[in-house]
Amino acid sequence: MTSVLYDVPGPKAKVRARVISWITGLVVVAVVVYTGLTLWQKGMWDPTRWDIFNDPLVWAALLRGLVVVLQSALVATVLALLLGMVFALLRMSSHRAIRIPTTIVLEFFRGMPVLLMMLFILLAFPGISPFWAVVSALAVYNGAIIGEALRSGVVALPKGQREAGLAIGLRPLQARLQIEFPQAFRNMLPIIVAQIVVLLKDTALGYIVGQVALIREGELLAEFVGRQQYFFSIFLVMLGMYLAINLTISTIARQLAKRRGGTVRTAVAMPDGSMSTTLT
């Protein structure tokens, strides 16, 4: 099947893609094997470097940090979704006095590094805790991106959707919230879930601003039990925790995409700074 946006690959393209996939897979396997052998030669897989995980207190410390990570990600996600809806509504306002300042603010938030935003919040609000500095920065930054995704989803809808709502007596805001936003959320859900994965990974930046989450707990644990002997094993377990959570969320995103017909929409930046979607 061929469309304007996507051409089904022919026999040569399929063979080329299969060869590239095999080469890429072999390179990845070679790098993993080489890394594993190098670490083995340095004694990193020695059982004496992993015996601390027989102690329940070690797991208790790591899980305590993981809970803080999940709390930060959960609160920031809820706030980012709410902010995204507000940003999308203001960005699509028919009044230039609202739409233009909102566009400038959105571009500012999208272009500002998350870490600098966390530090700025700590400096601007001296009494705020590192937890809320991390949550606030993640909510604002990801809210700006989710807002643009929602706006793209609304713009992609047929105009008849909104006109039908107005025709049955709904106010413009009601038509936006009750008819257009639910469809935009459904269409852009894979992109929003992918952004939530990015949000969760960015919680690791809380280590720099003093938040006692998973990485800080691992650092303190390594200092207590012996950094030189156990830091590698603790680091690898923390990495496994992050990967397990992110892979779970990514799996959920793929399942959601399959329920929508086996297609995944990918965000594409347009020349005017807006976002569009393509099917992959």
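Index from 1, following the sequence. Keep in mind the model is a prediction, meaning the values are calculated, not measured.
Between the side chains of Q183 and Q161, at least one donor N or O lies within less than 3.5 Å of an accepting N or O.
Looking at V197 and I245, their side chains never come closer than 4.5 Å, going by heavy atoms from C-beta outward. Taking 4.5 Å as the limit, every side-chain heavy atom of I191 sits out of range of all side-chain heavy atoms of I145. Counting only heavy atoms from C-beta outward, the side chains of F185 and M85 approach each other to under 4.5 Å. Taking 4.5 Å as the limit, some side-chain heavy atom of Y242 sits within range of a side-chain heavy atom of L200. L90 is not listed as a side-chain neighbour of R99, based on a closest heavy-atom distance of 4.5 Å or more. The shortest side-chain heavy-atom distance between R176 and F181 falls under the 4.5 Å cut-off. In this structure, the side chains of I192 and L150 come closer than 4.5 Å at one or more pairs of heavy atoms. Put simply, the side chain of V198 reaches to within 4.5 Å of the side chain of D202, judged on heavy atoms.
Linking Ile, Leu, Val, Met, Phe, Trp and Tyr residues whenever their side-chain heavy atoms come within less than 4.5 Å places V140 and L116 in a single cluster. Under a hydrophobic clustering in which Ile, Leu, Val, Met, Phe, Trp and Tyr are joined whenever their side-chain heavy atoms come within less than 4.5 Å, directly or via other members, L236 and L243 fall into the same cluster.
In this structure, W50 contributes its side chain and M44 its backbone to a donor-acceptor pair below 3.5 Å. With hydrogens and angles disregarded, no donor-acceptor distance shorter than 3.5 Å links the side chain of S136 to the backbone of A133. Between the W45 side chain and the G36 main chain, a donor and an acceptor come within less than 3.5 Å of each other. One N or O on the side chain of Q174 and one on the backbone of R171 form a donor-acceptor pair closer than 3.5 Å. For R91 (side chain) and T102 (main-chain N/O), no donor-acceptor pair under 3.5 Å exists by modelled atom type.
Distance check, rounded to the nearest 0.5 Å: CD1 of I146 to CG of L83 gives 9.0 Å.
Sorted by first and then second residue, the side-chain hydrogen bond (donor to acceptor under 3.5 Å, both in side chains) pairs with a member in residues 225-241 read D51-Y230, E219-R227, E223-R227; sequence neighbours excluded. Among residue pairs with one or both ends in residues 95-131, none qualify as ring-ring contact (aromatic ring centres under 6.0 Å, His included); sequence neighbours excluded.
Hydrophobic cluster membership for I104: I100 (Ile, Leu, Val, Met, Phe, Trp, Tyr linked by side-chain heavy atoms under 4.5 Å, directly or transitively). Applying the under-4.5 Å side-chain rule to Ile, Leu, Val, Met, Phe, Trp and Tyr, the cluster around L170 extends to I168, I179.
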Identify all side-chain donor-acceptor contacts of residues 59-81 below 3.5 Å with residues at least two apart in sequence or on another chain.
| unit_1 | atom_1 | unit_2 | atom_2 | d |
| --- | --- | --- | --- | --- |
| W59 | NE1 | F53 | O | 2.8 |
| R64 | NE | E217 | OE2 | 3.3 |
| S72 | OG | V68 | O | 2.9 |
| S72 | OG | Q211 | NE2 | 2.9 |
| T77 | OG1 | A73 | O | 2.6 |

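For Y207, the ring-ring contact (aromatic ring centres under 6.0 Å, His included) criterion is met by no residue, not counting sequence neighbours.
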